Enquirer: 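One structure coming up, written as structure tokens, with questions to follow.
Keep in mind that what you see is a predicted model, and the values were worked out from it rather than measured. Chain naming here is simple, since letters A, B, ... match the order of the sequence lines and numbering starts at 1 in each.
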Amino acid sequence: MDRREHLKLLLAGGVGAGLFLATGCSQEDVQQSEEILRDAGFGYGRADYEAEHDKKLLADTFFTETEFEMVKVLSDIIIPADEESGSATDAGVPDFIEFMMKDYPPFQLVTRGGLMWLNNQCNSKFGKTFLDCTEPERLEIIDLIAWPDRAAPEMQFGVRFFNRMRDLVATGFFTSQMGVEYLDYRGNRPGFWNGVPDEVLRNHGLEYDQKTLDECIKEEDRYRIAEWDDDMNPV
Amino acid sequence: MSFEINVPKEKYDVAIVGSGAGGGMAAKVLSEAGLSVAVLEAGGFYDPAQEEYRTQLRWPWESPRRGANTVRPFGDFDAAWGGWELEGEPYLRKNGTSFDWFRSRMLGGRTNHWGRISLRFGPKDFKRKSIDGLGEDWPIGYEDVKPYYDRVDKLVGVFGTNEGLEDDPDGYFLPPPKPRLHELYLKQAAESVGVPVIPSRLSVLTRRINDDRGACFYCNQCNRACNVYADFSSGTCLVQPAMKRGNVDLFTNAMVREVLTDGNGLAEGVVYINTKNLQEHRIEARVVILGASACETARLLLNSKSAAHPNGLANGSGVVGRYLHDSTGSDRMAILPALFNRERYNEDGVGGMHVYTPWWLDNNKMDFPRGYHLEYWGGMGMPLYGTGSGMDSMRQHIRDEFGNSSPNGGYGAGLKKDIRTMYGSAVGISGRGECIARYDNYCEIDPNVVDKYGIPVLRFNYTWSEHELKQAQHMHETFEEILTAMGGILVGEKPGAERDYGLHIPGRIIHEVGTTRMGDNPATSVLNKNSQAHECKNLFVVDAGSFVSQADKNPTWTIMALSWRASDYIVEQMSQGNL
């Protein structure tokens, strides 16, 4: 039996990922078990009413095809690919934005209206819609609204619209797997916190004082059942 | 995979309403004493070790909203079923005042997602009126509760350090985790302006305390409830173990609507509505214990009227619902440029701060009577909804090698890099303080509204007094002093009088207490010093309703200590034939 099949069997027996963690299995095992459980339709810890709500939102569509194309173009203007990672659309950000429109309805009017406003600007200036504009033309309009401190007062609506899009695109990207890897977040895995690495402490000119070193938890003690002396001190 | 009961015994020794900190502790102590116990929980069964409930160790992209708080108020992975508003279960406010009420309907209640900050009250906290003339003294003192705090420490587990502080007493602590980088910066800055910083006190198991619970593996997600039970929640650490040992029947989805009394005004049991099929059931018991949460317990008493208790059960004094008070709370954030482009490593740590500041000043020298403690936050946490936003105003703080500011807003590869540069550089301080209990802050039954179960609902009347406002003003001076001393760039403006000095709306700190307070005088209190109703000797309250004053401490540890104490008293009284 291969490892994945073995894990499947264990999990079918009701062993949660927690047991794996407690028994010190490999990171790969944890990841595989999570995939198996996800495939089995466990969701991510939803109560029934929440699972139903999510399902309903996912089944609905808010953006028209044209709007969705505009969202894609804006997403990759805001977070483009570079030498270190893919772009916002590579990370699936437009789908996240589509979901958020339904999840938080106050986004809907201001976003739909904002996309139309962008088309109106393009029509007035270039006689064509945003999607029909060339890239330099698009950026000419975007530059009027992307820099809040130097935008003209009559561009305020556009500034607010673009601020909101920037927030949604950025948060969508940095919470995607690609974005988390680009950000180089190292947590969300079982381990032991043994303090700030020495080299980092040195770089910041900081250190742990002796009291802290003496009183804090040591890795070799974590699985030993706690006991105290008569003065309430751990032994 | 749960083991709820739906066929009740004919009569229980004890019926407990609520499965949170107070109810869970009573269930454990009383069942171990050999009593038969029914626990009634309005919400569903929950166990974070079971895969269907697990949100711990999930990645942000596993949530379609990336952890946003559109469904669960503290984010999509937070372990609280419920929130500030529950569908079909409204509450109201009176006289243009504000109060927000957080309810979590599930086994273990709010202990599944709470901050795990576990602070004993100190000797002065029980006798504040004797010190400053405000509010009321408790009918008990620290010496009465200390043995129970000791037991709770050992049973439940809490890390911290013995510092010999008078009003922040020593305990049986597990070793604390080392401070994170931003916490070292905060500690250095705070101490430079005379604010002491010590290891925090959280009920997280840095060491194992028994064979049933694991040790912390440092994922920083206690609010998601722990798969290996390395943090405290009532369901995993009290109710489920008690059920496994026997003598405890758990009724979930059981919304109690009334405490039944006999012709002599003694409690006979409770009536509950099964929230799944709306059928009504009775549970009979020799003793009824309420641990439904301070406000829900007050509501239940006020809704339990009878000839013997025309004003609501145990409410001849009219004090039920009165003296409601929540902690004060205000916060400030800064960006620390020293943390731009930080070295990356896993600094998740435990699910909360590793250091904190207990109240450190002398109120005799201040223009407000009660203290507050400081909670610190920051670090390279899991990116969740909101990460990367706000660059329309924050990007200017990033400077290139020549000292030129980045422009606010923008787009493109430069924006992407700047967000990465800023990640993990935000730090913040929250002040959490004591509000003085007042008769005029209360909840009562609204005469016109019932919930979807037909049960009359609460309405709230709550205002801050000048004491709380002055305290919050002082908090903000402290925040700025520390954040500035550490070289931080303050974000936002210091709130003034027009914004109540940044005080959160009452209820928002979720430390509401005091609605059935204890006292020696039945005319001005609901319970005696054993948490027993003055007017109904087989009725007890084990949630924070019994608090006379809340201290500048989080209430959970005191709830559990008092619940254990009340439970011991019940066992003793039963064995003497008094109950």
Enquirer: Give, for atom OG of S176(A) and atom CH2 of W59(B), the distance between the pair rounded to the nearest 0.5 Å.
Expert: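 Interatomic distance, S176(A) OG to W59(B) CH2, rounded to 0.5 Å: 12.0 Å.
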Enquirer: Would you say NZ of K211(A) has more than 12 non-hydrogen atoms from neighbouring residues, nucleotides or ligands within 6.0 angstrom?
Expert: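 Atom NZ in K211(A) is crowded, with more than 12 foreign heavy atoms closer than 6.0 Å.
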Enquirer: Take D150(B) and M232(A) through the side-chain contact (heavy atoms from CB on, under 4.5 Å) test and state the conclusion after the steps.
Expert: CA-CA 9 Å; D150(B) 289 350; M232(A) 304 172 98; 3.6 Å; yes
Enquirer: Taking T206(B)'s backbone N and O only, do any of them form a donor-acceptor pair with R222(A)'s side chain (distance below 3.5 Å, no angle check)?
Expert: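 Looks like no, no N/O pair under 3.5 Å.
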Enquirer: Tell me, side chain or backbone of D149(A) under 4.5 Å from chain B's heavy atoms, or both, or neither?
Expert: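 For D149(A), the contact with chain B is made by the side chain alone.
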Enquirer: Under 4.5 Å from any heavy atom of chain B, what part of W147(A) do you find: side chain, backbone, both or neither?
Expert: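 Both backbone and side chain.
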Enquirer: Based on non-hydrogen pairs under 4.5 Å, which of L58(A), T212(A), V180(A), L168(A) is most in contact with chain B?
Expert: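 Among the listed options, the one with the most contacts to chain B is V180(A).
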Enquirer: With respect to chain A, which residue among S63(B), P177(B), C219(B), P48(B) yields the maximal number of heavy-atom pairs within a distance under 4.5 Å?
Expert: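 Among S63(B), P177(B), C219(B), P48(B), the one with the most close pairs to chain A is S63(B).
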Enquirer: Test side-chain contact (heavy atoms from CB on, under 4.5 Å) on K417(B) and E84(A); report intermediate values, then the result.
Expert: CA-CA 10 Å; K417(B) 283 202 169 64; E84(A) 292 181 75; 3.9 Å; yes
Enquirer: Going through the distances and angles, do R186(A) and E343(B) end up as a salt bridge (charged side-chain N to carboxylate O under 4.0 Å, His left out)?
Expert: CA-CA 11 Å; R186(A) 305 274 182 94; E343(B) 301 92 335; over 6 Å; no
Enquirer: Between the side chains of Y411(B) and D76(A), is a donor N or O closer than 3.5 angstrom to an acceptor N or O?
Expert: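 Short answer, no.
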Enquirer: For chain B, which candidate among A88(A), S87(A), G92(A), A170(A) shows the most heavy-atom pairs at distances under 4.5 Å?
Expert: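 Of A88(A), S87(A), G92(A), A170(A), A170(A) has the most heavy-atom pairs under 4.5 Å with chain B.
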Enquirer: Which one wins on heavy-atom pair count under 4.5 Å against chain A: F173(B), W81(B), Y229(B)?
Expert: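 Of F173(B), W81(B), Y229(B), F173(B) has the most heavy-atom pairs under 4.5 Å with chain A.
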Enquirer: Would you tell me whether D76(B) and Y44(A) have side-chain atoms, one donor and one acceptor, within less than 3.5 Å of each other?
Expert: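 A pair is found: one side chain offers a donor N or O, the other an acceptor, under 3.5 Å apart.
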Enquirer: Which atoms form the tightest heavy-atom contact between R420(B) and L183(A), and what is the distance?
Expert: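 Looking at all heavy atoms of both residues, the closest pair is CA-CD1, 3.8 Å.
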Enquirer: Let me confirm one number: the NZ-OG1 distance from K102(A) to T70(B), rounded to the nearest 0.5 Å.
Expert: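 These two atoms lie 12.5 Å from each other.
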Enquirer: Report the distance from atom CG of L174(B) to atom CG of D221(A), rounding to the nearest 0.5 Å.
Expert: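 Reported to 0.5 Å precision, the distance equals 11.0 Å.
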Enquirer: Examine whether an atom of K218(A) lies under 4.5 Å from a heavy atom of chain B, and if so say whether it belongs to the side chain, the backbone or both; otherwise answer neither.
Expert: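 Contact with chain B is absent: no heavy atom of K218(A) under 4.5 Å.
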Enquirer: Determine yes or no for a side-chain-to-main-chain donor-acceptor pair under 3.5 angstrom, with D348(B) supplying the side chain and N188(A) the backbone.
Expert: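 Flag set: sc D348(B) to bb N188(A) pair under 3.5 Å.
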Enquirer: What heavy-atom pair brings I209(B) and I225(A) nearest, and what distance separates the two atoms?
Expert: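 Closest approach of I209(B) to I225(A): O-CG2, 3.6 Å.
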Enquirer: Examine whether an atom of F174(A) lies under 4.5 Å from a heavy atom of chain B, and if so say whether it belongs to the side chain, the backbone or both; otherwise answer neither.
Expert: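 Contact with chain B is through both the backbone and side chain of F174(A).
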Enquirer: If we define contacts as heavy-atom pairs under 4.5 Å, which of A230(B), G171(B), G424(B) has the most with chain A?
Expert: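 The residue among A230(B), G171(B), G424(B) with the greatest pair count is G171(B).
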Enquirer: Distance-only, no hydrogens or angles: does the S389(B) side chain make a donor-acceptor pair with backbone N or O of D167(A) under 3.5 Å?
Expert: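 No, S389(B) side chain to D167(A) backbone: no donor-acceptor pair under 3.5 Å.
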Enquirer: Which one of T175(A), I145(A), D54(A), L213(A) has the most heavy-atom pairs closer than 4.5 Å to chain B?
Expert: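 Most heavy-atom pairs under 4.5 Å with chain B: T175(A).
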Enquirer: Where do R189(A) and F217(B) land on the side-chain contact (heavy atoms from CB on, under 4.5 Å) test, with the steps shown first?
Expert: CA-CA 8 Å; R189(A) 63 205 71 207; F217(B) 54 75; over 6 Å; no
Enquirer: What part of N163(A) gets within 4.5 angstrom of chain B, counting heavy atoms only: side chain, backbone, both, or neither?
Expert: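 The side chain, not the backbone.
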Enquirer: Mind checking the CD1-SG spacing from I217(A) to C216(B)? Nearest 0.5 Å is all I need.
Expert: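 The CD1 atom of I217(A) sits 10.0 Å away from the SG atom of C216(B).
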Enquirer: Supply the atom-to-atom distance L206(A) CG to E183(B) CD, rounded to the nearest 0.5 angstrom.
Expert: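 Between atom CG of L206(A) and atom CD of E183(B) there are 12.5 Å.
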Enquirer: Of all the heavy-atom pairs spanning P80(A) and A413(B), show the shortest one and how long it is.
Expert: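 Closest heavy-atom pair between P80(A) and A413(B): CG-N, 3.4 Å.
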Enquirer: Tell me whether R208(B) contacts the main-chain N or O of R224(A) through its side chain, where contact means a donor paired with an acceptor under 3.5 Å.
Expert: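 Absent.
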Enquirer: Pick one of side chain, backbone, both or neither for I78(A), based on which atoms fall under 4.5 Å of a heavy atom in chain B.
Expert: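 Looking at I78(A), backbone and side chain both touch chain B.
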Enquirer: Rounded to the nearest 0.5 Å, what separation is found between the CZ atom of R66(B) and the CZ atom of F96(A)?
Expert: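 Those atoms lie 5.5 Å apart.
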Enquirer: With only heavy atoms counted, which part of A151(A) is less than 4.5 Å from chain B, the side chain, the backbone, both or neither?
Expert: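 Neither part, no heavy atoms under 4.5 Å.
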Enquirer: Against chain B, work out which of F173(A), F99(A), W228(A), F162(A) has the most heavy-atom pairs shorter than 4.5 Å and name it.
Expert: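 The candidate making the most pairs under 4.5 Å is W228(A).
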Enquirer: So what's closer than 4.5 Å to chain B heavy atoms on E83(A): side chain, backbone, both or neither?
Expert: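 Contact with chain B: side chain only.
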Enquirer: With chain A, which of G381(B), G349(B), S393(B) has the greatest number of heavy-atom pairs at distances under 4.5 Å?
Expert: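 Among G381(B), G349(B), S393(B), the one with the most close pairs to chain A is G381(B).
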Enquirer: If I measure from the heavy atoms of chain B, does Y182(A) come under 4.5 Å with its side chain, its backbone, both, or neither?
Expert: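 Both parts, backbone and side chain.
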Enquirer: Contact part of L57(A) toward chain B, heavy-atom cut-off under 4.5 Å: side chain, backbone, both or neither?
Expert: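 Only the side chain of L57(A) comes within 4.5 Å of chain B.
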Enquirer: Measuring heavy-atom distances to chain B, does S85(A) have an atom under 4.5 Å in its side chain, in its backbone, in both, or in neither?
Expert: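 Both parts, backbone and side chain.
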Enquirer: Please list all pairs passing the side-chain hydrogen bond (donor to acceptor under 3.5 Å, both in side chains) test where one or both residues lie in residues 190-201 of chain A, with sequence neighbours left out.
Expert: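 Matches after skipping sequence neighbours: N194(A)-K178(B).
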Enquirer: Report which part of E215(A) has an atom under 4.5 Å of a heavy atom belonging to chain B: side chain, backbone, both, or neither.
Expert: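 E215(A) touches chain B through backbone and side-chain heavy atoms alike.
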Enquirer: Determine whether V200(A) and Y345(B) satisfy the following criterion, side-chain contact (heavy atoms from CB on, under 4.5 Å), listing intermediate values before the conclusion.
Expert: CA-CA 10 Å; V200(A) 177; Y345(B) 53 92; 4.1 Å; yes
Enquirer: For the candidates H204(A), M100(A), E50(A), which exhibits the highest count of non-hydrogen atom pairs separated by less than 4.5 Å from chain B?
Expert: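 Top option by heavy-atom pairs under 4.5 Å: H204(A).
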Enquirer: Does anything in residues 225-235 of chain A form a salt bridge (Lys or Arg N to Asp or Glu O under 4.0 Å)? List the pairs, not counting sequence neighbours.
Expert: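 Of all non-adjacent pairs touching residues 225-235 of chain A, none passes salt bridge (Lys or Arg N to Asp or Glu O under 4.0 Å).
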Enquirer: Evaluate F192(A) against Y218(B) for ring pair (Phe, Tyr, Trp, His ring centres under 6.0 Å), listing each step before the verdict.
Expert: CA-CA 6 Å; F192(A) 179 76; Y218(B) 302 95; 5.4 Å; yes
Enquirer: Can you tell me which portion of Y208(A) sits under 4.5 Å from chain B's heavy atoms? Options are side chain, backbone, both or neither.
Expert: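 Contact with chain B involves the side chain of Y208(A) alone.
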Enquirer: May I ask you to name which of D103(A), I142(A), V196(A), D82(A) has the most heavy-atom pairs under 4.5 Å with chain B?
Expert: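 That would be D103(A).
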Enquirer: Give the member of Q221(B), R342(B), M391(B), R395(B) that has the highest number of heavy-atom pairs under 4.5 Å with chain A.
Expert: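 That would be Q221(B).
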